*Asks:* 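Handing you this structure, nothing more for now.
Letters go in sequence order (proteins before strands), and every chain restarts at 1. Note that the coordinates shown come from a computational prediction; the quantities given were computed from them, not determined experimentally. Values below: every heavy atom of this structure, side chains too, minus hydrogens, waters and symmetry copies.
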Amino acid sequence: MLRQSWQIFLKDVRMELRGKEALNASLAFALVVLILFSFAIDPTSEQIREISGGLLWILFAFSGVLLVNRSFLREQSNDCLDVLLVNRVPASALMLGKTFANLLFILMIEAVCLPVFSVLYNINLFQLPLWLIGICLLASWAIAILGTVFAAMTVNLRLRELMLPVILYPMIIPALAAAMYLTNIVSVGKVPEGDDLIWVRLLVGFDVIFTTLALGLIDTILVD
Amino acid sequence: MSVLSASKVSKFFGNFPALRNLNFTLEAGDCVALLGRNGAGKTTLIHLMSGLSRPTEGTLDITRRVSMLGHGIGVYDELSARENLIFFASLATVPINVEEWLERVNLKDVADAPLREYSRGMRQRLALARAFMGEPELLLLDEPFTSLDDKATALLQTLLAQALARKCTIVLSTHQIPEAMALATRILFLERGKLAYVGPRPEEMLTDSTWLYRTYGAIS
Amino acid sequence: MFDKILLAVGLTSGLYLVRNLYTMLLVLPDEAAQGMIYRIMFFHIPSWWTCFLSFLVAGIASAVAIRSKSNRADSLAVAATEVGLAFTFVGLATGMIWAKIIWGIWWTWDARLTWAFITALTYAGYLMMRNMIPDPSERLRVTGVLNVFAFASVVICYKAIDWWRTQHPGAVMSFRTGGGNIDPAMEGMTYHNFIAFLLLCVVMVTLRLRQEETLREIEGLRRLAYSR
């Protein structure tokens, strides 16, 4: 199963890197929003330090949806999804491969946006680089796994671009809230400890619970 | 050895019975024509046989190596012919010689160009390679003759003959009765979700393509 | 027969509510700190319990529906979700009225309020999805899974949001605190109204379930007619 997931992952990454359509579009979107922030809040004030985590994770959630939306569309144009399932690729293997591909895409966006944000707003987000990477991995996985399941659910809808965020965002709030909180304290150079660790646990728990649910239920979504 | 056996298979969409109480088996080397009017349940049955959907009632045992060629061509436009075949080969359970297949469908010279630059006929030939290359034991073809160009039709005929020669079971769902009858050894005839006829191809069908409909149709 | 039972349960619920109104308005005294507005809690607290119970039923029904491809369980899931959402709005409205009087504001970004808002959005998304999928078996599968996800997320969210410092009054019921925080008569009143709400909820879910079953039958007949 892991071998098939790996092949799906490679194929999705190759397809995306060939055209880079979704990556370019969502990166451009992310950069535009980064600039818009400077009009919403005085960019030189202290205030922006306190809310940098919140701004960044709203940004990543938005551009993440643009990326995961494409995930099952890629399979749909020539009925490729049917071919994969007929070839006895387990739905969970397919899902896992696609989630890892989406995770990689989201991390790529973050890899560009975090330094750009640091420079533009004069905030060193990288004072605790390992913590920041850990938070990014956990929270991006949450976006990727839920996003991929919901992309599978909405792929046949006419209004899929609209429905995906409508159902995804309310459910992902706990993970985003945790990521925002942790990013905020990490960005001022404070190691999360004591009560803060409850958010780390929440993030890990969220990922574990929804990954289990997603892998267990994806077959129901894809196979009639 | 039976490749597929259906016992008391029914499929419901909500309350609507799309297929009702089907019983049949397909043996290795059978070439089966699946006939029926629009809405009789042909596509639903193909989906059940492919494993894309599961029966609401009854049991359906299918062999592991199934391949399907449906309305969509089932290959990726963003990848090249070679990448497509390598990808699908990597998912298969049997080793596949991709280069040999590129040669067979006459795409070797253009194998590295992305599919979106291909002509319609070239894409169809690649789809045929994808469908036939895993040595499937059960091959499901939904309307294979429609919209194929001459080259691809000739290729399909050859590939079908070769597949039958190595005891592959083929299911053809089609409206083009003469082409199907030339190949078919057995017939499954669906009428409003029920099997109205299952058995060897009647001689009459070779000359009279509506014979089955007149003789076994008109059930309710 | 079934209709009569349903009618009887509905009437019981209505009469019970009238009896509760009489007690809470004319028998129980005003609360020491809050004055007369505290009575809205007799609607506020039970409606949240009813809402949570409805979503629990919807989650279980959806799990059954996708496991056994049961149309009836699918109908129960949508019926319970809709009724649960109605009670969510009752809870939100009563809570906001109470907040306006006691806190002086309609809304505050307190934990429970935020949670209620998110829950309403989550289940509204579920109901929207149902309307968008025409094929009944695909609808059963997709929205069944969605409902299971929704319930899991709502439960996690409840805990998570508790950790953002809460402004919402803490638990007063004796089964949470061990007693002493609430007058037994007032606590009893809350339970009485909860029972009335539950009966009402059962009636509404049953009615909605029957509608949904009829709808499915019509859908099936229509397809049958088209296939001829």
*Asks:* Of the listed residues (B/R123, B/M68, B/R54), which shares the most heavy-atom pairs with chain A below a 4.5 Å separation?
*Replies:*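 Highest number of pairs under 4.5 Å: B/R54.
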
*Asks:* Taking the basic N atoms (NZ, or NE/NH1/NH2) and the acidic carboxylate oxygens, is any pair closer than 4.0 Å for B/K11 and B/E57?
*Replies:*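 Between B/E57 and B/K11 there is no salt bridge, as every charged N stays at least 4.0 Å from the carboxylate O atoms.
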
*Asks:* With a 4.5 angstrom heavy-atom cut-off, could you sort out which part of A/R74 is near chain B: side chain, backbone, both or neither?
*Replies:*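 It is the backbone, since no side chain atom gets that close.
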
*Asks:* Which bit of B/S50 is near chain A, if near means a heavy-atom gap under 4.5 Å: side chain, backbone, both or neither?
*Replies:*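 Contact with chain A: backbone and side chain both.
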
*Asks:* Do A/K98 and A/F9 meet the cation-pi criteria used here (NZ or CZ under 6.0 Å from the six-membered ring centre, within 45° of the axis)?
*Replies:*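 No, A/K98 and A/F9 do not form such a contact.
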
*Asks:* So A/Y169 and A/F150, ring-ring contact (aromatic ring centres under 6.0 Å, His included) or not? Walk me through it.
*Replies:* CA-CA 11 Å; A/Y169 291 144; A/F150 293 162; over 10 Å; no

*Asks:* Using a 4.5 angstrom heavy-atom cutoff, name the option from A/R18, A/K11, A/Q7, A/R14 with the most pairs to chain B.
*Replies:*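 The answer is A/K11.
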
*Asks:* Quick one: what part of B/Y76 sits under 4.5 Å from any heavy atom of chain A, side chain, backbone, both or neither?
*Replies:*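 Both the backbone and the side chain of B/Y76 come within 4.5 Å of chain A.
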
*Asks:* Heavy-atom cut-off 4.5 Å, strictly under: side chain, backbone, both or neither for A/I8 against chain B?
*Replies:*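 Both parts, backbone and side chain.
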
*Asks:* Verify whether the ring centers belonging to A/F206 and A/W199 lie closer than 6.0 Å.
*Replies:*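 Aromatic pair excluded; centres sit 6.0 Å or further apart.
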
*Asks:* What residue, out of A/L81, A/D82, A/V89, has the most heavy-atom pairs lying under 4.5 Å from chain B?
*Replies:*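 Answer, by heavy-atom pair count under 4.5 Å with chain B: A/D82.
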
*Asks:* Run through A/V65, A/N69, A/L66 and flag the one making a side chain to side chain contact (heavy atoms under 4.5 Å, CB included) with A/E161.
*Replies:*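 It is A/N69, the one option of A/V65, A/N69, A/L66 that forms the side chain to side chain contact (heavy atoms under 4.5 Å, CB included) with A/E161.
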
*Asks:* Between A/F126 and A/W131, is the ring-ring contact (aromatic ring centres under 6.0 Å, His included) condition met? List the steps.
*Replies:* CA-CA 9 Å; A/F126 298 92; A/W131 270 100; over 10 Å; no

